[in-house]
Amino acid sequence: MAKSKNNAKKMSYISVPSHIINSISSSSLQSLLDSPKKSSRNTNKFFTFFTNNIFRSPRLWFSTLFLFGFFGMFKFGLVLHTPFSPYPCATTPSPSLISNPPSMPNNLGVVRESGQKDDILKKEHFVVSLVELRAQELNTVDGDGGVEKSEFWKQPNGLGYKPCLSFSRDYRRASTGVLRDRRKYLMVVVSGGLNQQRNQIVDAVVIARILGAALVVPILQVNVIWGDESEFGDIFDLEHFKRVLANDVRVVSGLPSTHLMTRPVEGSPPLHVTPSWIRSRYLRRFNREGVLLLRGLDSRLSKDLPSDLQKLRCKVAFNALRFAQPVQELGDRLAERMKSKGPYLALHLRMEKDVWVRTGCLPGLSPEFDEIINSERIQRPELLTARSNMTYHERKMAGLCPLNAVEVTRLLKGLGAPKNARIYWAGGQPLGGKEALLPLIQEFPHFYSKEDLAMPGELQPFANKASIMAAIDYIVSEKSDVFMPSHGGNMGHAIQGHRAYAGHKKYITPNKRHMLPYFHNSSLSEEEFYRIIKELHQDSLGQPELRTSKAGRDVTKYPIPECMCNSGLHAPS
């Protein structure tokens with residue numbers, strides 16, 4: 001009796017392949033685990049009848065085998081047309097489950113002759129938990145399915161344009177004298193936000209080349225708005241900067257001892273100065289004093305320069321100005337987190353309070369917020385950089401105002417952005433806080449900022465460094481599959497050129513002046529509105545565009561034809 005009772009407690013388990021467990025829903029698996037056990041008494045009676053009667057009669061034995069075989073073949077014939085499922089326990093296996101095999105253990109293990117009910121329950125609970133966890137993952141994947149198939153992610157035709165920075169023989173010959181000179185040193189103080197600083201650093205290198213001088217590492221003026229005290233080496237990779245430009249301009253970390261007591265020649269060039277103006281204005285005194293200090297370089301140098309100097313601009317902007325390693329690595333990690341679930345769109349939203357004030361526009365959130373902007377503009381009229389003789393409505397319809405969240409949402413829907421598109425939001429805190437972004441978030445719920453993507457503590461070292469925070473936005477935006485700014489600006493222009501130089505990755509330029517009248521036309525059906533929006537933007541998706549087709553364009557925004565070619569006659573430097 002004791003022996004029989006002990007045997008009743010013993011239980012055996014077999015290993016179940018993980019792909020079968022994964023295909024069972026948690027409810028189905030639970031019902032299997034909780035299903036009542038068959039009576040051992042009934043089983044024993046059947047076994048006794050089978051051995052006592054059938055095995056003793058050979059004729060009956062063969063008849064039984066024949067009947068079993070016949071009914072088995074009959075059953076097989078009825079279901080012959082049904083495809084065999086690779087998931088035997090699943091009635092309708094999910095396509096995502098087939099295309100994305102779950103990362104489950106290949107074997108749930110074998111439990112033999114365990115008499116401990118607690119272990120059995122733990123095992124069952126473990127299996128159910130795994131299935132429920134996998135179901136949640138599949139729901140997430142299914143909810144985002146089809147992102148990559150959308151036409152929205154299609155890239156423009158780059159027409160085979162590739163970077164080509166082959167400098168002329170005269171330029172290379174002159175480099176020897178420029179690099180050997182130890183008498184002249186150019187110092188520059190750059191101001192503004194990150195992308196204004198980038199523009200001024202590019203021009204500082206070109207001016208140093210024009211004057212045949214060594215460039216002292218640019219001094220970054222403390223930003224009066226954000227109080228950012230970052231130095232050049234905090235934001236950019238200084239050694240890389242020096243190394244890339246080694247054949248063009250000598251870059252030094254500071255003035256040599258022979259020039260420390262020299263009183264520098266100071267200057268601030270007017271707008272759009274030419275190389276000949278710079279030489280005639282500064283070169284004689286520069287040769288005599290040895291140190292030239294320039295301030296306020298923003299947009300001072302002409303956009304139309306000789307070909308070699310245009311190439312130098314591109315070399316600085318796209319090759320030399322690499323971000324410092326800690327900044328680059330963090331930006332890369334955040335971009336990888338966005339990429340991990342498929343393609344993503346980066347939006348540069350210009351909805352900060354100072355943007356509304358400077359542009360002479362209104363946010364359109366509520367009368368209270370409009371009044372805040374109007375009051376600020378009256379109190380600080382010097383902030384207004386837009387044309388003061390235009391009303392807000394005139395500016396808006398001329399395409400001179402940033403798009404608000406409602407307009408960005410309608411534009412993206414019109415361009416075919418899928419609802420499950422992942423969006424990275426770059427930019428400062430919008431006026432009205434995150435509530436101002438609700439129209440976007442409600443339509444596109446996969447909406448993230450760097451704060452959303454960063455792990456605890458990752459952003460802390462750069463908490464009070466506005467330029468570095470902007471650099472992180474720049475990295476994630478540049479690596480996106482699609483980029484769109486809500487308004488023009490230095491960052492939008494810099495990324496436009498960077499994406500062109502990288503092979504013309506998709507860049508959406510909102511055609512505000514032509515599309516806004518349709519935003520206010522309530523008689524248009526949704527389908528007609530979307531058709532018009534796509535038609536208006538068919539040539540504004542980042543296709544190659546010649547800088548020379550319009551005077552005054554910046555080569556770092558339109559790098560063709562000076563910095564890119566498709567003829568195969570020039571090789572990248």
Side-chain angles (χ1 to χ4, degrees), residues 167 171-172 174-192 196-222 230-233 235-303 305-306 308-317 319-321 554-556:
F167 293 89
Y171 179 92
R172 296 196 303 270
S175 295
T176 304
V178 171
L179 299 174
R180 190 184 299 135
D181 190 292
R182 295 292 188 271
R183 297 172 300 126
K184 299 192 296 292
Y185 292 86
L186 174 64
M187 300 178 65
V188 295
V189 178
V190 300
S191 59
Q196 284 177 287
Q197 293 171 347
R198 285 174 60 95
N199 293 340
Q200 294 169 63
I201 292 168
V202 169
D203 283 356
V205 173
V206 176
I207 292 173
R209 175 72 192 202
I210 292 171
L211 293 172
L215 175 67
V216 180
V217 173
I219 301 166
L220 308 188
Q221 184 175 310
V222 177
S230 298
E231 297 181 359
F232 186 98
I235 304 172
F236 303 105
D237 187 333
L238 177 55
E239 294 308 313
H240 177 80
F241 184 74
K242 292 179 178 180
R243 187 167 56 251
V244 171
L245 298 176
N247 294 326
D248 305 279
V249 171
R250 192 164 63 94
V251 180
V252 297
S253 298
L255 288 173
S257 57
T258 54
H259 289 65
L260 286 178
M261 302 303 293
T262 302
R263 182 177 181 179
V265 177
E266 294 195 32
S268 181
L271 291 173
H272 311 306
V273 296
T274 63
S276 59
W277 187 95
I278 291 173
R279 292 190 188 98
S280 64
R281 176 74 175 184
Y282 297 118
L283 196 52
R284 181 179 298 177
R285 294 178 61 197
F286 194 12
N287 283 328
R288 185 176 66 248
E289 303 295 339
V291 180
L292 172 64
L293 173 62
L294 295 181
R295 303 175 186 270
L297 288 183
D298 197 16
S299 298
R300 301 298 175 176
L301 189 59
S302 171
K303 305 304 181 189
L305 297 175
D308 286 319
L309 295 181
Q310 296 288 54
K311 293 181 191 299
L312 181 57
R313 261 183 167 155
C314 291
K315 189 172 184 178
V316 180
N319 296 341
L321 278 176
D554 193 337
V555 72
T556 60

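The first residue in the sequence is number 1, and the count goes up from there. Small disclaimer: the values here were computed from a predicted structure and weren't measured.
Contact check for Glu231 versus Val217: no side-chain heavy atoms found under the 4.5 Å cut-off. Counting heavy atoms from C-beta on, the side chains of Val205 and Phe241 come closer than 4.5 Å. In this structure, the side chains of Val273 and Leu301 come closer than 4.5 Å at one or more pairs of heavy atoms. Within the 4.5 Å cutoff, side-chain heavy atoms of Leu297 are placed close to those of Ile207.
Interatomic distance, CG of Asn199 versus CG of Leu321, reported as 10.0 Å (0.5 Å rounding). Asp237 contributes atom CG, which lies 9.0 Å from atom CZ of Phe232 (distance to the nearest 0.5 angstrom). Distance check, rounded to the nearest 0.5 Å: OG1 of Thr556 to CZ of Arg198 gives 8.5 Å. Atom CG of Asp308 sits about 9.0 Å away from atom CZ of Arg172, to the nearest 0.5 Å. Distance check, rounded to the nearest 0.5 Å: CZ of Phe167 to CG of Leu309 gives 9.0 Å.
In terms of heavy atoms, Val206 sits closest to Leu312 at CA-CD2, 4.1 Å. Residues Ser299 and Leu271 share a closest heavy-atom pair of O-CD2, 3.5 Å. Pairing each heavy atom of Val249 with each of Ala213, the nearest pair is CG1-O, 3.9 Å. Between Pro269 and Leu294 the shortest heavy-atom distance is CD-CD2, 4.5 Å. Considering all non-hydrogen atoms of both residues, Leu292 and Tyr282 come closest at CD1-CD2, 3.9 Å. In plain terms, the two heavy atoms of Leu245 and Ala320 that are nearest each other are CG-CB, 4.0 Å.
Residues forming a side-chain contact (heavy atoms from CB on, under 4.5 Å) with Pro264 (at least two apart in sequence, or on another chain): Val291, Leu293. Partners of Arg313 according to the salt bridge (charged side-chain N to carboxylate O under 4.0 Å, His left out) rule, which considers only residues two or more places apart in sequence or in another chain, are Asp203. Annotation: side-chain contact (heavy atoms from CB on, under 4.5 Å) contacts of Gln196 (sequence neighbours excluded): Gln200, Asp298, Asn490. When the salt bridge (charged side-chain N to carboxylate O under 4.0 Å, His left out) test is applied to Asp554, the partners found at least two apart in sequence or on another chain are Lys303. Under the rule for a side-chain contact (heavy atoms from CB on, under 4.5 Å), Arg284 has no partner lying at least two apart in sequence or in another chain.
Note on residues 260-274: pairs passing side chain to side chain donor-acceptor pair (under 3.5 Å), not counting sequence neighbours, are Thr274-Ser276. Sorted by first and then second residue, the side chain to side chain donor-acceptor pair (under 3.5 Å) pairs involving residues 245-256 (not counting sequence neighbours) are Tyr171-Asp248, Tyr185-Arg250, Lys242-Ser253, Asp248-Lys315. Applying the salt bridge (charged side-chain N to carboxylate O under 4.0 Å, His left out) test to residues at least two apart or on different chains, the pairs with a partner in residues 181-191 are Asp181-Arg183, Asp181-Lys184. Within the structure, side chain to side chain donor-acceptor pair (under 3.5 Å) pairs that include any residue of residues 204-217 comprise Ser175-Arg209 (at least two apart or interchain).
Judged by distance alone, with hydrogens and angles left aside, the side-chain atoms of Gln221 form no donor-acceptor pair with the main-chain N or O of Gly192 at under 3.5 Å.
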CA sep, side-chain torsions, deciding dist, call: Leu255, Met187, side chain to side chain contact (heavy atoms under 4.5 Å, CB included): CA-CA 9 Å; Leu255 288 173; Met187 300 178 65; 3.7 Å; yes
Verdict with reasoning, Leu305 to Val555, per side chain to side chain contact (heavy atoms under 4.5 Å, CB included): CA-CA 9 Å; Leu305 297 175; Val555 72; over 6 Å; no
